[in-house]
Participant: 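Let me give you the structure first, and then I'll get to my questions.
From a predicted model like this one, the values you see are computed outputs, not experimental measurements. In this chain, numbering begins with 1 at the start of the sequence shown. Every number for a ligand or one of its atoms is a count from 1 in the order of the listing.
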Amino acid sequence: MTETLFTPVSFGAITAANRLAMAPLTRNRADNDTGEVSEMHVDYYRQRAGAGLIITEAAQISAEAKGYLQTPGIHTEGQVAAWRKVTDAVHDAGGKIVIQLWHVGRISHTSLLPDGQAPVAPSAINAGVKTFTANGFEETSDPRALDADELPRVVQDYVHAAEMAIKAGFDGVEVHAANGYLIDQFLKTGSNTRTDAYGGSVENRARLLMEVMEAVTAAIGGARTGIRLSPFSPANGISDANPQETFEHVIKGLNKFDLAYLHMVEGSTGGSRDLAEGESIDGLRALFDGIYMANNGYDRDMALQATESGHAEMIAIGRPFIANPDLVERYKQNAELNEGDKSTYYGGGRKGLTDYPTLKG
Ligand code: 8OZ
């Protein structure tokens with residue numbers, strides 16, 4: 001019997017050879033000034049092309065969207081040319097790759113932003129968390145609230161980045177609407193106290209997300225667009241008064257875009273899968289009409305089980321893909337996994353990026 005996990009699946013314009021996605025993983029190794037990736041990124045992603053789908057590390061859609069040192073961008077011609085080498089390498093190795101489109105909103109620091117400007121956010125509320133700058137971990141800077149008349153420009157920045165992604169040869173994009181970054185900041189009540197059309201009711205808090213999805217899918221097609229949500233994650237100082245209600249509205253609203261997939265962080269990002277009373281992943285998942293990609297704490301057994309039971313069509317695996325370039329092959333053989341070296345997760349060079357051994361050595 002072939003386990004479903006290792007069988008192909010098509011979603012939108014993409015056919016994946018198996019049901020395992022490499023989850024987006026921030027690695028802070030791009031050129032800090034240009035936001036360009038380099039040859040080490042080409043090798044890193046090529047080595048992991050056995051994933052049914054690679055979702056790249058989050059890439060900022062504009063200079064304003066950056067929140068950490070040495071993260072890559074997808075908004076300049078130089079960045080496109082650099083990413084093109086990555087997409088060619090992954091495609092030559094038989095893989096599929098989408099890029100995660102990122103605006104950090106308030107999770108940033110003035111030292112990372114053009115002219116030392118303040119981070120932008122739905123409301124001028126500091127997340128009270130730390131980000132990584134040239135000086136190491138630093139408190140996020142006080143953000144300024146975006147004016148409503150700036151939001152069409154933000155939406156346009158997503159469209160521009162999506163178009164640049166297609167130009168760079170990506171199979172599609174994943175809109176990062178999770179983990180306490182800009183779109184999630186608009187969605188959730190703890191970070192959005194606006195009194196205009198973008199705050200207050202669930203409809204209003206979801207307005208920016210829907211405008212982004214409308215514009216991005218109009219530009220590159222729903223078949224090349226996915227989205228990542230983290231309804232119940234407290235990541236980056238985020239909170240919502242009623243996440244079940246918020247995300248029921250969001251997920252129902254997403255159905256009209258015929259997206260390639262919905263990718264959900266099922267719990268606390270990179271942590272517990274426990275939910276509070278009244279919170280239900282299954283309840284949300286059931287509302288989505290398309291391909292569902294599950295993430296957070298999945299191991300081999302859980303991934304096999306979730307694709308067999310029909311809970312998910314795809315499973316996104318994060319940290320194990322750092323240390324195991326041939327993770328799909330290891331899962332097939334039920335082989336042992338390499339341990340990741342946490343000290344090289346963020347920043348540095350090839351050490352801890354491209355030097356993990358495969359089963360073949
Ligand atoms: C870890 C460090 C920096 C950023 C996310 C893009 O949580 C991230 C991220 C993760 O989605």
Participant: How does His176 reach ligand 1, by side chain, by backbone, by both or by neither, if only non-hydrogen atoms under 4.0 Å count?
Facilitator: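 For His176, the contact with ligand 1 is made by the side chain alone.
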Participant: Report the member of Leu25, Leu69, Thr26 with the shortest heavy-atom distance to atom 6 (C) of ligand 1.
Facilitator: Thr26
Participant: Looking at Asp355 and Lys351, is there a salt bridge between them, counting it only when a charged N and a carboxylate O are closer than 4.0 Å?
Facilitator: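 No, no charged N to carboxylate O under 4.0 Å.
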Participant: Tell me whether Arg205 is salt-bridged to Asp240, with the criterion being a basic N under 4.0 Å from an acidic carboxylate O.
Facilitator: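 Yes.
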Participant: Atom 7 (O) of ligand 1: which of Asn179, Ile107, Thr131 has the nearest heavy atom?
Facilitator: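 Among Asn179, Ile107, Thr131, the closest heavy atom to atom 7 (O) of ligand 1 belongs to Asn179.
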Participant: Does Arg273 count as lying over the ring of Tyr298, i.e. NZ or CZ under 6.0 Å from the six-ring centre, within 45 degrees of the axis?
Facilitator: yes
Participant: Going by the closest heavy atom to atom 2 (C) of ligand 1, which one wins out of Tyr345, Tyr181, Phe132, Tyr346?
Facilitator: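 That would be Tyr346.
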Participant: Out of Leu101, Ile61, Ile227, which one pairs with Val173 under the side-chain contact (heavy atoms from CB on, under 4.5 Å) rule?
Facilitator: Leu101
